[in-house]
Protein chains: 2
Amino acid sequence: MLNVQEFIDACRECGLNVTYQRILIYKSLVKTKTHPTAEEIYHEVKAEYPSISLATVYKTLETLAEHDLISKVTPLHDLARYDGDTEQHHHLVCLKCRKIIDIHEEALNNLKVPKETGFKIEGYRIQFEGLCRQCALEDDPNWEETSAKSNEDTTFCGK
Amino acid sequence: MLNVQEFIDACRECGLNVTYQRILIYKSLVKTKTHPTAEEIYHEVKAEYPSISLATVYKTLETLAEHDLISKVTPLHDLARYDGDTEQHHHLVCLKCRKIIDIHEEALNNLKVPKETGFKIEGYRIQFEGLCRQCALEDDPNWEETSAKSNEDTTFCGK
DNA sequence: CTTATTGCAAATAATTTGCACCAGC
DNA sequence: GCTGGTGCAAATTATTTGCAATAAG
């Protein structure tokens, strides 16, 4: 969550041109916690800058998300996918080939969450993101050796 | 993951008519681990039952998911949503009003995952699903009291 | 026989694309 | 000036809907 000057600098670092539209879109997004849609941002920005087009908003949001200046909440948004398995389990999603792999892991099925949110929680799903073995190898032919060196059988996984 | 006879019984229990199309769609879905799209299931079923229509596949999948006979992997599939906050955090999604609330909780940011999957994991996101306070109260005016009785400040959350 | 479900075609909704013009560096 | 970005309109893609015909219970 950067202020405007930091955002401008970050754009430059990423090699992105700094345009008025991008600044307005970024400002509109960071000032809210509502996780808006492209359409919502479009309406808000349009009030201040009427000539903006919805296509620009879409392109800008995708561009900023690619550069990690913002993030997309609905990641697998492309196509609805179904699963015949209704037991609690989680998914590994390959960011390259979009393959989805099941992960049945008891330890992940009893997360504790704070009650203070006021939410009545019915369940949760975890989506691990990364590269499947094939795609990881295409990317870097010896990542497996590198990762095998750390001789644990689990891996920590922060951001 | 039911066999055909169990599926038929389950449909009856849910008050769903048992149709040949439903059986074929269910069979096509449960025999694979690829988390197919409606389109993919359509093609597969069409080979055996050419008169089936894509609209039926969509309707059937949604119906079965509503009754928990299958599950939808891409839940918030409706609209792409963006977030200006790129710090690691997770989301609470209200299933009724679709509101999304951030949850910053250190304890959720260091999950361990088994390496044996061969996946090169870059991160993960957790989506808690349930009802926000307002919607929960509309649903059941005294759920807060009920839930307050269990005097912990966290709640276990399995399926 | 009554109601739920199907299948078609048409409608809708979200997102993407092509391209000419314009702006940042 | 070169390249990337914008804005428009049109195209594409996924999904939904209305409705008449049909099948399930």
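Treat the numbers as computed from the prediction; the structure is a model and nothing was measured. Keep in mind that the numbers below use all heavy atoms, side chains included, and drop hydrogens, waters and symmetry copies. So you know, we letter chains A, B, ... as the sequences are listed, proteins then strands, and number each from 1.
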inquiry  = On the nucleotide dG25(D), are OP1 or OP2 found under 4.0 Å from the side-chain N or O atoms that Arg12(B) carries?
reply    = yes

query = Say you draw a straight line from NE2 of His90(A) to CD1 of Ile100(A); how long is it, rounded to the nearest 0.5 Å?
reply = 14.5 Å

Between the protein and nucleotides 16-23 of chain C, which nitrogen or oxygen pairs are less than 3.5 angstrom apart?
{"unit_1": "dG18(C)", "atom_1": "O6", "unit_2": "Lys59(A)", "atom_2": "NZ", "d": "3.3"}

message = Is the phosphate of dT6(C) approached by Ser53(B) (side-chain N or O, under 4.0 Å from OP1 or OP2)?
response = no

query = Are a donor atom and an acceptor atom from the side chains of Glu62(A) and Tyr82(B) found within less than 3.5 Å of each other?
reply = yes

key: For atom CZ of Arg81(B) and atom P of dA13(C), their distance in whole Å   = 17 Å

ask   = Could you state the OH-P distance from Tyr26(B) to dT5(C), rounded to the nearest angstrom?
value = 18 Å

message = Does Lys46(B) have more than 12 heavy atoms from other residues, nucleotides or ligands lying within 6.0 Å of its NZ?
response = yes

request  = When you get a sec, tell me which of dG7(D), dT6(D), dT6(C) is the closest nucleotide to the side chain of Ile52(A)?
outcome  = dG7(D)

request  = Would you mind classifying the nucleic acid contact of Tyr42(A) as base, sugar-phosphate or nothing, using non-hydrogen atoms under 4.0 angstrom?
outcome  = nothing

message = With a 4.5 Å cut-off on side-chain heavy atoms, are His89(B) and His104(B) touching?
response = yes

key: Spacing between Glu39(B) atom CD and dT16(D) atom P, to the nearest angstrom   = 13 Å

ask   = Are the side chain of Arg81(A) and the backbone N or O of Thr34(B) linked by a donor-acceptor pair below 3.5 Å?
value = yes

message = Heavy atoms from C-beta onward define the side chain here; which of dG7(D), dA14(C), dG5(D) lies closest to that of Leu16(A)?
response = dG5(D)

key: Check: His91(A) and Asp83(A) side chains under 4.5 Å, non-hydrogen atoms   = yes

Matching residue for Thr60(A) among Thr63(A), Val57(A), Leu64(A) - test: side chain to side chain contact (heavy atoms under 4.5 Å, CB included) = Leu64(A)

query = Using a cut-off of less than 4.0 Å, is there contact between a side-chain N or O of Gln21(A) and OP1 or OP2 of dG7(D)?
reply = yes

Gap between atoms CG and C1', on Leu61(B) and dT6(C) respectively (whole Å) = 14 Å

query = Under 3.5 Å, is there a donor-acceptor pair between the side chain of Asn3(B) and the main chain of Gln5(B)?
reply = yes

key: Ile25(B) side, atom CD1; Ile70(B) side, atom CD1 - distance, nearest 0.5 Å   = 9.0 Å

remark   = When rounded to whole Å, the NE2 to C1' distance for the pair His67(A) and dG5(D) reads 13 Å

request  = Using a 4.0 Å heavy-atom cut-off across all strands, classify Ser51(A) as base, sugar-phosphate, or nothing.
outcome  = sugar-phosphate

message = Using a 3.5 Å distance criterion without hydrogens, assess whether the side chain of Tyr20(A) forms a donor-acceptor pair with backbone atoms of Tyr49(A).
response = no

query = Using a heavy-atom distance cut-off of less than 4.0 Å, which residues of residues 1-10 of chain B contact DNA chain C?
reply = none

query = Separation of Ile23(A) atom CD1 from dT6(D) atom C1', in whole Å?
reply = 15 Å

inquiry  = Reading DNA chain C from 5' onward, which residue's closest nucleotide shows up sooner: Arg22(B) or Pro50(B)?
reply    = Arg22(B)

Whole-Å distance separating the CD atom of Glu40(A) from the P atom of dA13(C) = 15 Å

